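Everything below concerns the one structure shown next.
Bear in mind the structure is a predicted one, so any value in this text is a computation, not a measurement.
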Amino acid sequence: MVIEFGQDRPQTEEILEFTKTKKADEARQILFEELKKKNLLKIFEEIEKPLLPVVKEMNERGVLLDKNIFKKLSEKYRARLAELEKQIWKLAGVNFNVSSPKQLGEVLFVKLGLKAKNQKKTAKTGMLSTKESELEKLREVHQIIPLILEHRELAKLLGTYIVPLPALVDKTGRLHTTFIQAGTTTGRMASREPNLQNIPNKTDVGREIREGFVATPGFELVSFDYSQIELRIAAFLSGDKKLIEIFKAGADVHAAVASRVFNVPLDEVSKEMRRRAKVINFGVMYGMGVNALRQQLGTDRKEAQKFYENYFQTFVGLAKYLDETRAAAARRGFTETYFGRRRYFEGFKSPLPFIRAAAERMAINAPIQGTEADVIKIAMAQVAEFLRKEKLLEKVFLLLQVHDELVYETAENLVSAVAPKIKEIMENVLPLSETKEVPIVADVSVGDNWGMMKKFG
DNA sequence: TATGAGGGCGCC
DNA sequence: AAACGGCGCCCTCATA
């Protein structure tokens, strides 16, 4: 029997229907047989099961919001948005809904007649796209463009975070998401209603929103961030000698990669060289091809091709690993993380090359992203166990998990004692003996709110 | 008024 | 055209 559930939180009735049984006990048997068959009992018993109460507690604790901050931001950005709209309408010579891609496209591409040489079209309807990367191409062409981009950013943040979030807090001012433990195909968790795994962080405006996520009085927020964990995982999964050496040396990984690929001494690595290395370092783990690389780097095809080749000629172990992962996934129909978590694929059976290529990219990413998910899940449960043993359950609370980051709320007087312990637990889920000596590192920061955190230690 | 598709974008 | 993995949610707009 091939089980294809595709549901992250099935109700009991749905489980019974799915297993075609009437009794919960029988359904349980059937599901465990399936786990056994897929070699997933260990993942369930050792990673997911101990995590169940931890996720439950995290959902129930919630995070305190400062409504005042949201109110101020709301007033400020509503006003700015109105200003922008007025200016945009004036420059366009017509009043229209700036938030409507259809109307905006009409204004930009027909009325104003703007067009860059590589203006992309949308996938389904073939209209000229107004997405940010396309508008960037027109930034210097017309003064309306920067106004639209600012409008986009503010409208997004206002509509998605600033207005909705404070309306969702409970009587005590706390906001509760639902973390879904089995929310993704790779093993990562998901967060819903609201999603607290995509709170803005990139721009200054975005970070202001994080300042509204505050510590309970008497507590501090303490955040632990795995540093470049996916790339470290790629290094030890692939066994790539050079990449492993880079991490063992503990230097700036993107700069070090640039130094190797461009064949220049570390101190001669330019900003641009580092930027390019960073793009490909990330791209590799997503199965990026030359074309996507070219697009991201903003270079021509030839240069991107050369860079791509240099990269894989430098990191031959990584190249070999990626090839083998693709091949094994196609042959077996699934991939496995370091801990044995599987992801199954249908795409390899498809006659359509595009579908098979998509399956290959997913197969490249799944073991890396999935191992990251395994590691942080193990850490969450181990930290919880530590807090239990040390009788710290009323002093330290896990609030959020954001894939490679854990945010705890810690009684002020305990931060300096507890933070190093949590850091240590996180870093030793995988000891050096299991990572081919690649260190797993977590950076710690502390603050009264999530927007202004200071490096700890 | 409710629903789903489409375009778009926030995070890791 | 898409061409880079994993998510959830917003607004618009057509349709029921």
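The pair A:K306-A:E309 does not meet the salt-bridge criterion, since no charged nitrogen lies less than 4.0 angstrom from a carboxylate oxygen. Salt bridge absent: A:E83 and A:K86 never bring a charged side-chain N and a carboxylate O closer than 4.0 Å. For A:R61 and A:E57, the salt-bridge test fails: no basic side-chain N is under 4.0 Å from an acidic carboxylate O. Between A:E106 and A:K102 there is no salt bridge, since no side-chain nitrogen of the basic residue lies less than 4.0 Å from a carboxylate oxygen of the acidic one.
The side chain of A:S100 contributes an N or O atom lying less than 4.0 Å from OP1 or OP2 of C:dC13. A sub-4.0 Å separation between OP1 or OP2 of B:dG8 and a side-chain N or O of A:S129 is present. For A:Q103, a side-chain nitrogen or oxygen approaches OP1 or OP2 of C:dC13 to under 4.0 Å. Distances shown here put a side-chain N or O of A:R152 below 4.0 Å from the OP1 or OP2 atom of B:dC9. Between A:T122 and B:dG7, a side-chain N or O to OP1/OP2 separation shorter than 4.0 Å is present. Within the structure, a side-chain polar atom (N or O) of A:K202 is placed less than 4.0 Å from OP1 or OP2 of B:dG10. Listed pair A:T130 / B:dG8 meets the phosphate criterion, a side-chain N or O lying under 4.0 Å from OP1 or OP2. Listed pair A:R361 / C:dC4 fails the phosphate criterion, with no side-chain N or O lying under 4.0 Å from OP1 or OP2. The side chain of A:T185 places an N or O atom within less than 4.0 Å of a non-bridging phosphate oxygen (OP1 or OP2) of C:dC7. Between A:R210 and B:dC11, a side-chain N or O to OP1/OP2 separation shorter than 4.0 Å is absent. OP1 or OP2 of B:dC11 has not a single side-chain nitrogen or oxygen of A:N201 nearer than 4.0 Å.
Using a 4.0 Å heavy-atom cutoff across all strands shown, A:M285 reaches no nucleic acid atom at all. Among the protein residues, A:R343 comes within range of the sugar-phosphate backbone only, with heavy atoms under 4.0 Å from sugar or phosphate atoms but none that close to a base.
Listed nucleotides: C:dG8, B:dC12, C:dC4. Nearest to the side chain of A:N195: C:dG8. With B:dG7, C:dG6, B:dC9 as the candidates, the nucleotide lying closest to the side chain of A:T125 is B:dG7.
For the salt bridge (charged side-chain N to carboxylate O under 4.0 Å, His left out) test, no residue two or more places apart in sequence or in another chain qualifies with A:K67. In this structure, A:E153 has no salt bridge (charged side-chain N to carboxylate O under 4.0 Å, His left out) partners at least two apart in sequence or on a different chain.
Contact annotation: side chain of A:K156 to base of C:dC10, donor-acceptor pair absent below 3.5 Å. With hydrogens and angles ignored, no donor-acceptor pair under 3.5 angstrom links the side chain of A:R192 to the base of C:dC7. Counting atom types as modelled, A:Q296 pairs a side-chain N or O with a base atom of C:dC4 as donor and acceptor under 3.5 Å. The base of B:dG10 is paired with the side chain of A:N198 by a donor and an acceptor separated by under 3.5 Å.
In this structure, A:K38 satisfies the cation-pi test against A:Y344, with its NZ or CZ atom closer than 6.0 Å to the six-membered ring centre and inside 45 degrees of the ring normal.
Using atom C1' as the reference point in both B:dA5 and C:dC4, the two lie 24 Å apart (nearest Å).
The aromatic rings of A:Y408 and A:F224 lie perpendicular to each other, with more than 60° between the two planes, well past the 30° mark.
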Show me the protein contacts with nucleotides 14-16 of chain C, counting only N or O atoms at under 3.5 Å.
unit_1, atom_1, unit_2, atom_2, d
C:dA14, OP1, A:K102, NZ, 3.2

